[in-house]
2 protein chains.
Amino acid sequence: MTVSRAINTPQVVRPKTVEKVMAAVRATGYIPNALAGGLASKRSKLIAVVVPQINNSMFVDTIQSISDELARRGYHMLLCVAGYTHESEAEIVTTILSRRPDGIVLTGIHHSPELRKTVLNASIPVVEIWDLTPTPLDMLVGFSHAKVGYAIGQYLLNKGYRRFGLIWTEDRRAAQRKNGVCELLAQHGVDTPTEVLVPLPASLKLGREACASLLESDAVPDVLVCSSDTLAQGAIVEAMHRGMRVPEDIAVMGFGDLDFAAFHEPAITTVGIDRWGVGKRATDMLLEKLAGGFVSDPIVDVGFVLIERHSA
Amino acid sequence: MTVSRAINTPQVVRPKTVEKVMAAVRATGYIPNALAGGLASKRSKLIAVVVPQINNSMFVDTIQSISDELARRGYHMLLCVAGYTHESEAEIVTTILSRRPDGIVLTGIHHSPELRKTVLNASIPVVEIWDLTPTPLDMLVGFSHAKVGYAIGQYLLNKGYRRFGLIWTEDRRAAQRKNGVCELLAQHGVDTPTEVLVPLPASLKLGREACASLLESDAVPDVLVCSSDTLAQGAIVEAMHRGMRVPEDIAVMGFGDLDFAAFHEPAITTVGIDRWGVGKRATDMLLEKLAGGFVSDPIVDVGFVLIERHSA
DNA sequence: TTGTAGGCGTTATCAA
DNA sequence: TTGATAACGCCTACAA
């Protein structure tokens, strides 16, 4: 017990004793067994993070910020890549719960009933990220994808664009943004956009191909709205390759404000999200709750910023 | 014990008993406690993966493939972002070892003496990835960065380029590639390249800025060799923005064969690495060894491919 | 400030 | 095929 205290709460142990313990630790290369510690204390100091993909520039920054923040506070991250299907998410979460994480971060707010039940049954703090709802499982850090869609639609209408083309991936959150755009256009009596759906993960290649197919269609759009900056970049490359000027001949709008967006030629008009902030706040809320503290506002809307640059 | 067997080795339990156990599991929502299991069995089914960064397109694919492969086999991944310094790596590995992972994947082959000692002392299988050495800690999956450098230098010399400009990040493995390029140029009596060092992480912005500074220098290069495709893309954007043609006025070479490289305009000449393969093989070797199997070749050179496209 | 006893939820081992 | 017992290494609770 004295060794345990010397390592975990040295302030309650006589300094000389601490020194003796630490000397022994160094001499033997002793490393505490966190499995045993977690079993005994019922605190594993593990946080599970479930994302649909990691080779997705949006999530990676959030993951990195969670990981950094956790490490600073003596926690570790169990990272699980769940894919975009409900079934796999429920299964993965069940196996991850066997590790007895002290808390869990889930991407999105749409979960299968089994998953909801399983997670709630675990009685640990949960933070859902990257979406917004008044009824989260527990806590939430995100933003409204529908509002992003409205904002994009409004901005482009104000700019005078009327023939919309959409290049979009098929995941649920992207769909909400698309609905936002379409609803706004409908409200203003603008023609329903032409639409090209692309599979995940998005890539420059898919953006080019989708752009090509829209440019070769009967009704060529005057603006291409893309579900990510990566697709937007592809669309721009394709349009320019065909001798079109962006935005004069065709405008392109992205989403995400990825690193390259500001420095591309033309710079990409897009929507910025505080990706690190999402991770930081999610971690803060989780650890605050674990520390027994009171989380004053369990629902955090980090909002978004429409960033006007040159492509639209 | 019967429950434990019904769950882990149902084949040694009477089918009817298994059924009864499973019914109870379902009814109660029982989820085994892997902390207790790991403590008792001395197998945590956890693999630690230490990388310098995750918001780095090179590592992300490897991480994803490790994660996928581990999940398929009932293991989980503890992902640790160590940064690029020795001190932080040693510290992080020590704390991660307290989780008693069954194996560990380390990025790179240059570790501090403390780290080597700590890891070896843990007596678990180790796989180093993304570099090559005849003397790994244990097992290794990677390729020779020096050879990549030679190949790049040789290719560009054959193409007739003589005035080299380098845009390079400061990490150790990138430095090996740079040394390869420089050595080869020196052997052929070509002028020492002009060099712009950029901080990590690489970005399109940094590529543009570095390119700008090289183009404004006294000795304008006829080829820009970049330590990553991201920097190469930036260099191309900047050069074209200044009205230069790529590769006619200035050629640009990248590294990594990231998704966008093939579909950029001009398509980026680069060096491809099987990033998924590295993760897959590392995981296979680790689990093979954990299963008590014999790893016939503990050093795997995955090689690389110089991909000629249009930018150089 | 340090020490003792007991238990956390599994699995290894041996017995039935 | 199932069960009983004793760890695994730590922490909680309480005692000294």
Side-chain angles (χ1 to χ4, degrees), chain A residues 1-46 48 73-76 78 94-103 118 121-124 290-292, chain B residues 1-46 48 73-76 78 94-103 118 121-124 290-292:
Chain A
M1 261 325 290
T2 298
V3 171
S4 175
R5 279 188 286 250
I7 291 174
N8 300 309
T9 52
Q11 64 277 12
V12 306
V13 177
R14 185 155 52 105
K16 262 193 178 168
T17 313
V18 173
E19 193 38 63
K20 270 157 71 180
V21 170
M22 289 314 177
V25 165
R26 279 189 297 272
T28 58
Y30 169 78
I31 296 178
N33 183 327
L35 298 175
L39 180 61
S41 69
K42 304 192 169 304
R43 276 175 276 107
S44 65
K45 295 260 183 177
L46 236 34
R73 317 244 220 131
Y75 282 75
H76 282 137
L78 268 171
T94 301
T95 71
I96 212 69
L97 286 176
S98 72
R99 302 287 172 182
R100 296 297 187 270
D102 293 338
T118 308
N121 211 30
S123 317
I124 54 176
L290 286 174
Chain B
M1 259 328 289
T2 298
V3 171
S4 175
R5 278 188 288 250
I7 290 174
N8 301 307
T9 53
Q11 66 278 11
V12 306
V13 178
R14 187 156 51 102
K16 265 194 177 167
T17 313
V18 173
E19 194 39 62
K20 272 158 66 181
V21 170
M22 290 312 177
V25 165
R26 279 189 298 270
T28 59
Y30 169 78
I31 296 177
N33 184 326
L35 297 175
L39 179 62
S41 68
K42 305 191 170 305
R43 276 174 279 106
S44 64
K45 295 259 183 179
L46 235 33
R73 317 242 219 131
Y75 282 76
H76 282 135
L78 267 171
T94 302
T95 72
I96 210 69
L97 287 176
S98 71
R99 304 284 171 185
R100 296 296 186 268
D102 292 339
T118 308
N121 212 32
S123 318
I124 55 176
L290 285 174

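In the text below, chain A, chain B and the rest are named by the order of the sequence lines, each starting its count at 1.
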Summarise protein proximity over nucleotides 8-16 of chain C in one line of letters, 5' to 3': B for base, S for sugar-phosphate only, - for none, counting protein heavy atoms closer than 4.0 Å.
-> BBBBBB---
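- Note that the CZ atom of A:Arg99 and the CZ atom of B:Arg99 stand 11.0 Å from one another [nearest 0.5 Å].
- Minimum heavy-atom separation, B:Ala48 to B:Pro101: N-CB, 3.9 Å.
- Axis angle, first five pairs versus last five pairs of the helix from C:dT1-D:dA16 to C:dA16-D:dT1: 30°, rounded to 10°.
- Screening B:Ile96, B:Thr118, B:Asn121, B:Thr95 for a side chain to side chain contact (heavy atoms under 4.5 Å, CB included) involving A:Ile31 leaves a single residue, B:Thr118.
- Contact check for A:Leu290 versus A:Arg43: no side-chain heavy atoms found under the 4.5 Å cut-off.
- Here the side chains of A:Asp102 and A:Leu46 are not in contact, with every heavy-atom distance at 4.5 Å or above.
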Would you please test B:Ile124 and B:Arg100 for side chain to side chain contact (heavy atoms under 4.5 Å, CB included) and show each step?
-> CA-CA 9 Å; B:Ile124 55 176; B:Arg100 296 296 186 268; over 6 Å; no
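- No donor-acceptor distance shorter than 3.5 angstrom exists from the side chain of B:Arg5 to the backbone of B:Gln11, with no hydrogens or angles considered.
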